[in-house]
Participant: 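Have a look at the structure that comes next, please.
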Amino acid sequence: MKYDLAVTIDKASGFCFGVVYAIDMAEDILDEDEYLYCLGDIVHNDEEVKRLTAKGLRIIDHEQLKGLKNEKVLIRAHGEAPSTYQLALENNLILIDASCPVVLKLQNRIKNSHDEDEQILIFGKHGHAEVIGLQGQTDGKAIVFQDLSELDEVELPSKFTLYSQTTKSTDKFYHIKEQLIGRGYEVKANDTICRQVSNRYGDLEKFVVDFDKILFVSGKKSSNGKVLYDVCKKYNPNAYFISNIEEIELEWFSQHDKVGICGATSTPMWLMEQVKAKLESY
Ligand code: SF4
């Protein structure tokens with residue numbers, strides 16, 4: 001049986017400008033040089049990382065960075081803590097800084113709050129590179145939490161400043177703010193969620209309702225991928241999360257289904273096109 005699926009890619013999905021900037025920078029250098037070190041996955045998408053490592057990108061972690069000297073190293077869009085820049089100076093490394101301007105601005109705001117002796121709380125994912133970079137602006141003093149319940153274990157001052165990792169859910173951020181105010185704290189809340197992510201909620205909401213099935217394409221490590229997939233699932237319960245074409249299951253579909261494809265800010269358009277081609281072959 002031929003499935004004859006009618007497949008459409010969401011034009012508003014795919015790389016945000018921060019990711020485009022970092023990948024363009026890496027590719028420009030790789031056009032000239034044989035290899036380029038990159039601190040951490042350049043983007044939370046394994047397929048795109050594979051494409052770039054085949055061109056000479058060498059992904060290293062912070063441990064490996066310590067042993068590197070006299071080399072060029074790319075800093076990805078998530079940004080880095082001040083200690084990384086210090087290490088680069090000591091090891092004579094040339095940093096190619098592709099930190100996203102939105103993240104740099106947030107680092108700056110957090111640093112200023114810290115300099116003003118404010119107690120800082122960051123709503124973000126533990127261990128996420130961006131969050132480590134943000135916490136690094138405060139000498140590690142900012143309290144990071146990803147769930148309100150984690151704060152039950154912590155003794156908080158009566159007054160503090162709240163920030164968010166750029167890719168968190170806006171709804172959750174405002175819920176947390178209200179809850180903390182309700183508990184009697186004086187909260188100076190800064191909604192620092194990137195509009196490249198939050199502006200997509202409304203677009204996705206409108207896109208997904210027009211289809212029988214939705215395939216949301218994203219790397220499993222992508223924070224904004226999780227948030228945006230939740231939006232899809234809320235407005236179209238027949239939404240499936242996949243990271244590559246091997247994860248597509250034929251049994252999800254019925255004949256003549258209208259299928260929409262969308263993705264995260266770290267999902268390359270070429271990968272969504274591969275998914276489309278695969279579906280059209282059924
Ligand atoms: S989601 Fe926003 S903050 Fe993150 S890299 Fe993209 S533009 Fe920058």
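In listed order, ligands and their atoms are each counted from 1.
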Participant: Would you tell me whether Gln86 and Glu90 have side-chain atoms, one donor and one acceptor, within less than 3.5 Å of each other?
Facilitator: yes
Participant: Under 4.0 Å from any heavy atom of Val197, which atoms of ligand 1 are there?
Facilitator: 1 (S)
Participant: Regarding Cys194, does it place an N, O or S atom less than 2.8 Å from atom 2 (Fe) of ligand 1?
Facilitator: yes
Participant: Under the ring-ring contact (aromatic ring centres under 6.0 Å, His included) criterion, do Tyr240 and Phe216 qualify, and how do the steps go?
Facilitator: CA-CA 6 Å; Tyr240 298 93; Phe216 184 84; over 10 Å; no
Participant: Side chains of Lys220 and Ser243: is there a donor and an acceptor less than 3.5 Å apart?
Facilitator: yes
Participant: Where on Asn224 is there a heavy atom closer than 4.0 Å to ligand 1, on the side chain, on the backbone, on both, or on neither?
Facilitator: neither
Participant: Hey, which atoms in ligand 1 end up nearer than 4.0 Å to a heavy atom of Cys100?
Facilitator: 3 (S), 5 (S), 7 (S), 8 (Fe)
Participant: Take the angle between the ring planes of Tyr282 and Phe253 and call it parallel below 30°, perpendicular above 60°, tilted in between.
Facilitator: tilted
Participant: Can you pull out the closest protein heavy atom to atom 4 (Fe) of ligand 1? Residue, atom name and distance to 0.1 Å, please.
Facilitator: Thr166 OG1, 4.0 Å
Participant: Using a 4.0 Å cutoff against the non-hydrogen atoms of Val102, which atoms of ligand 1 qualify?
Facilitator: 3 (S)
Participant: Give the atoms of ligand 1, by number and element, whose distance to some non-hydrogen atom of Gly18 is under 4.0 Å.
Facilitator: 5 (S), 7 (S)
Participant: Provide, to 0.1 Å, the distance between atom 6 (Fe) of ligand 1 and the closest protein heavy atom, together with that atom's residue and name.
Facilitator: Cys16 SG, 2.2 Å
Participant: What is the ring orientation for Tyr37 with Tyr35, classed by angle as parallel under 30°, tilted 30 to 60°, or perpendicular over 60°?
Facilitator: perpendicular
Participant: May I ask you to check if Lys168 and Phe123 form a cation-pi contact, with NZ or CZ under 6.0 angstrom from the six-membered ring centre and within 45° of the axis?
Facilitator: yes
